[in-house]
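Below is one structure, written out as structure tokens, with a few remarks after it.
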Amino acid sequence: MNYRPSDLLRGRAIPDQVLRELPKTDLHVHLDGSLRPGTFLELGRAAGLDLPDDPAELRARFFPGAVVASMPEFLAHFDHTLRCLQTADSLERVARELAEDAAALNVRILEARFCPLLHTRQGLTPDGAVAAVHRGLAAVPSVNGGIIITGLRTIDPAQSLQLARLAVAWKSRGVVAFDLAGAEAGQPAADHREAFYHCMNNNLPATCHAGEGYGPESIHMALHRCGAKRIGHGTRLEEDPDLMAYVADHRIPLEICLTSNVQMGVVRSVGEHPLRRYHEAGLRVCLNTDNTLFADTDIARELRLAVDTFDFTLLQLEDIILGGFKSAFVPEQHARVLIEQALADFAQIRHAHRLDRLVAAGDSR
């Protein structure tokens with residue numbers, strides 16, 4: 001008997017259990033936006049925050065899910081969580097819990113990003129902050145956990161260079177890349193080009209938030225002035241078809257975060273997100289959570305949202321997931337092993353759930 005992968009299962013017909021079992025990546029997740037609610041409650045009270053017991057009230061007061069008026073207003077959510085993350089113990093705990101939650105959803109590669117300079121209010125050094133996060137991720141060996149050290153558009157470029165030097169110092173010891181985040185308008189990534197140059201000169205890759213709160217020229221700058229190897233979000237890329245063709249031809253990955261983009265008003269609804277158009281155009285895309293606490297999401301929910309909204313078939317979803325494995329900042333030899341295992345797991349899951357179709361020997365259809 002011969003079995004062929006079936007493209008008949010699609011959209012809402014794909015069972016939740018299948019989505020949970022699929023091997024996954026999460027390459028765009030902010031550590032300080034991804035605490036467990038209970039951990040935020042515990043650490044927040046210890047830090048002096050007045051927090052309600054009711055989870056719904058807690059979320060409504062500190063992390064409202066409705067679309068906010070501006071990205072700076074959304075970024076203010078980090079003010080609350082950063083108060084909880086000023087010690088090595090708290091950082092290690094949150095990193096470990098993030099990896100544990102990812103492992104429970106069969107995430108194989110997790111790249112957690114954060115800005116160490118924001119965790120020094122109580123005497124912790126940036127180096128100590130990176131060491132703590134590294135210990136937390138390493139405590140969950142079933143997940144290939146990496147750290148992306150993140151500079152901010154709002155800080156002095158000299159501080160971004162300091163962070164780039166820190167990232168290079170931790171290269172091959174847990175840090176896999178450098179990033180630049182923050183509101184794009186009026187704060188061009190090129191202002192921080194020395195940080196990107198330092199990473200390039202030391203063979204450390206970079207990603208960059210771009211095309212989220214500003215137009216495709218921000219993506220152009222991230223690629224051609226800063227040497228970014230991946231683009232965080234890239235939601236407005238389609239406004240420049242020539243640049244979009246370049247991104248497709250050069251296999252530059254887009255780190256897609258559906259719920260977050262709606263929450264920040266980048267798109268008015270999930271259905272207006274360009275994910276399907278990007279996939280159909282042959283761009284390399286991968287799904288990510290961005291901030292699990294703020295967005296009240298996880299990677300399985302993001303997959304559910306994608307297939308339900310865009311009516312992806314299971315095979316199309318597997319292709320998107322595979323884009324994450326191909327885009328991860330993982331050494332080539334190890335990445336090849338992870339990709340081959342993911343492909344084998346896709347086939348095993350389809351077979352276990354009887355999702356493939358039986359074909360006669362010699363049938364080429």
Side-chain angles (χ1 to χ4, degrees), residues 1-28 102 105-109 233-235 237-238 244-245 247-249 251-262 267 269-290 297-328 335 338-365:
M1 292 188 298
N2 295 318
Y3 287 91
R4 180 162 300 147
S6 174
D7 62 355
L8 299 179
L9 190 66
R10 64 190 311 140
R12 298 180 186 278
I14 302 175
D16 286 342
Q17 185 60 30
V18 169
L19 297 180
R20 293 179 64 88
E21 292 177 7
L22 290 170
K24 307 171 189 68
T25 65
D26 193 353
L27 308 183
H28 189 125
L105 294 173
N106 205 15
V107 170
R108 306 284 175 79
I109 306 175
H233 301 289
T235 315
L237 174 62
E238 65 179 348
M244 182 168 156
V247 169
D249 290 343
R251 316 309 298 141
I252 298 167
L254 301 181
E255 305 160 355
I256 302 296
C257 308
L258 293 175
T259 300
S260 175
N261 280 174
V262 175
V267 293
S269 68
V270 182
E272 295 184 25
H273 196 283
L275 171 60
R276 172 170 274 284
R277 296 189 292 276
Y278 286 170
H279 184 256
E280 290 176 345
L283 276 76
R284 179 167 291 171
V285 294
C286 58
L287 287 168
N288 309 275
T289 56
D290 204 4
T297 193
D298 59 43
I299 194 62
R301 294 184 200 177
E302 293 302 299
L303 267 59
R304 178 84 271 164
L305 186 61
V307 298
D308 289 357
T309 302
F310 302 107
D311 197 34
F312 285 126
T313 68
L314 180 59
L315 296 186
Q316 289 172 325
L317 181 62
E318 289 176 3
D319 185 57
I320 291 171
I321 292 173
L322 196 61
F325 282 92
K326 292 178 178 179
S327 305
L338 291 169
I339 290 169
E340 290 174 351
Q341 184 61 59
L343 289 170
D345 289 347
F346 289 157
Q348 190 278 326
I349 290 167
R350 290 195 305 267
H351 179 71
H353 290 270
R354 299 182 178 181
L355 301 178
D356 291 345
R357 64 187 181 93
L358 179 65
V359 296
D363 186 350
S364 61
R365 290 176 299 173

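In what follows, residues are counted from 1 in the order of the sequence shown.
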For a quick test of reading the model, state the closest non-hydrogen atom pair linking Val267 to Glu272 and the distance between them.
CG1-O, 4.3 Å

Distance, nearest 0.5 Å, that separates CG of Leu287 from SG of Cys257:
8.5 Å

So, for Leu237 and Tyr278, which heavy atoms are closest and what is the spacing to 0.1 Å?
N-OH, 3.2 Å

Hey, could you give me the CG/CZ distance between Asp345 and Arg108, rounded to the nearest 0.5 Å?
4.5 Å

Evaluate side-chain contact (heavy atoms from CB on, under 4.5 Å) for Asn106 paired with Leu22, printing each intermediate quantity in order.
CA-CA 7 Å; Asn106 205 15; Leu22 290 170; over 6 Å; no

Pair Arg276, Gln316 - check side-chain contact (heavy atoms from CB on, under 4.5 Å), show working.
CA-CA 10 Å; Arg276 172 170 274 284; Gln316 289 172 325; 3.7 Å; yes

Pick one: which of Thr297, Asp290, Thr289 meets side chain to side chain donor-acceptor pair (under 3.5 Å) with Ser260?
Asp290

When rounded to the nearest 0.5 angstrom, what is the spacing between NZ in Lys24 and CG in Leu105?
6.0 Å

Rounded to the nearest 0.5 Å, how far apart are CE of Met244 and CG of Asp249?
11.0 Å

Hey, mind stepping through Leu303 and Ile321 against side-chain contact (heavy atoms from CB on, under 4.5 Å) and telling me if it holds?
CA-CA 9 Å; Leu303 267 59; Ile321 292 173; 3.7 Å; yes

Are any non-hydrogen side-chain atoms of Thr235 and Pro274 less than 4.5 angstrom apart?
yes

Contact summary for Glu302 and Thr259, nearest pair of heavy atoms:
OE2-OG1, 2.5 Å

With sequence neighbours excluded, tell me which residues meet side-chain contact (heavy atoms from CB on, under 4.5 Å) with Thr25.
Leu27, Ile109, Phe325

Over all atoms of both residues, closest heavy-atom pair of Ile256 and His233:
CD1-O, 3.6 Å

Can you list everything that forms a salt bridge (Lys or Arg N to Asp or Glu O under 4.0 Å) with Glu238? Sequence neighbours excluded, please.
Arg277

Applying side chain to side chain donor-acceptor pair (under 3.5 Å) to Asn288 and not counting sequence neighbours gives none

What residues form a ring-ring contact (aromatic ring centres under 6.0 Å, His included) with Phe310, not counting sequence neighbours?
Phe312

Where is the tightest heavy-atom contact between Arg304 and Leu19, given as atom of each residue plus distance?
NH1-CD1, 3.5 Å

Salt bridge (Lys or Arg N to Asp or Glu O under 4.0 Å) against Glu255, all qualifying residues, sequence neighbours excluded:
Arg113, Arg230

Spatial distance of atom CG (Asp319) from atom CG (Leu314) [nearest 0.5 Å]:
11.5 Å

List the atom of Arg20, the atom of Ala300, and the distance in Å for their closest heavy-atom pair.
CG-CB, 4.5 Å

State whether the side chain of Arg251 and the backbone N or O of Ala248 hold a donor-acceptor pair below 3.5 Å, judged by distance alone.
yes

Distance-only donor-acceptor check, side chains His353 and Gln17, under 3.5 Å
no

Are the side chains of Leu254 and Ser327 in contact, using a 4.5 Å heavy-atom criterion?
no

Rounded to the nearest 0.5 Å, how far does CG of Leu343 lie from CG of Leu338?
11.0 Å

Partners of Arg10 by side chain to side chain donor-acceptor pair (under 3.5 Å), sequence neighbours excluded?
Asp311

